[in-house]
Amino acid sequence: MNARRTVIVVTAAVVVVVAVVLAVLRWDDANKLASALSALAGLAAVGVGVWAALPGSAQGRIRASRTGKAVAGRGGWANTGVSIKGAPSIKSTAAGDVRADHTGDADASGGDANTGVRLD
């Protein structure tokens, strides 16, 4: 479970627990009910605010999974994983979010092969 989903589930659980506790208590007048509803709305707003501030689960991620076999000729290059070539800023942003799993075989006789993550 990622951080965003955890925050929203925990917030919902807290709101439900507070609602049950307040429902069991006896209220004398409408002021107490209004205070309880305000507390629930405040808890929900804080949870949604934290959830919205966290990065999305799909933003900035690069993934290679269950790729096939790659074959390159003499002096060529075969890649079944992830290869990022470019400016250092691109590599540093992507480095923590790049994943290669269950990749296929890469065969480059006399060349270069990659089945994982390669940052050039």
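- The minimum heavy-atom distance between Trp51 and Val7, with the atom names listed, is N-CG1, 3.9 Å.
- Asp105 pairs by the side-chain hydrogen bond (donor to acceptor under 3.5 Å, both in side chains) definition with nothing, not counting sequence neighbours.
- When all heavy atoms are compared, the tightest approach of Trp77 to Ala113 is CD1-N, 4.4 Å.
- In terms of heavy-atom proximity, Ala78 sits nearest to Ala72 at N-CB, 3.8 Å.
- Panel note: side chain Thr67, backbone Gly104; a donor-acceptor pair is recorded below 3.5 Å.
- In this structure, Leu40 CG and Ser35 OG are separated by 11.0 Å, a value rounded to the nearest 0.5 Å.
- Every residue two or more places apart in sequence or in another chain that forms a side-chain contact (heavy atoms from CB on, under 4.5 Å) with Thr115 is listed here: Thr80, Thr103, Ala106.
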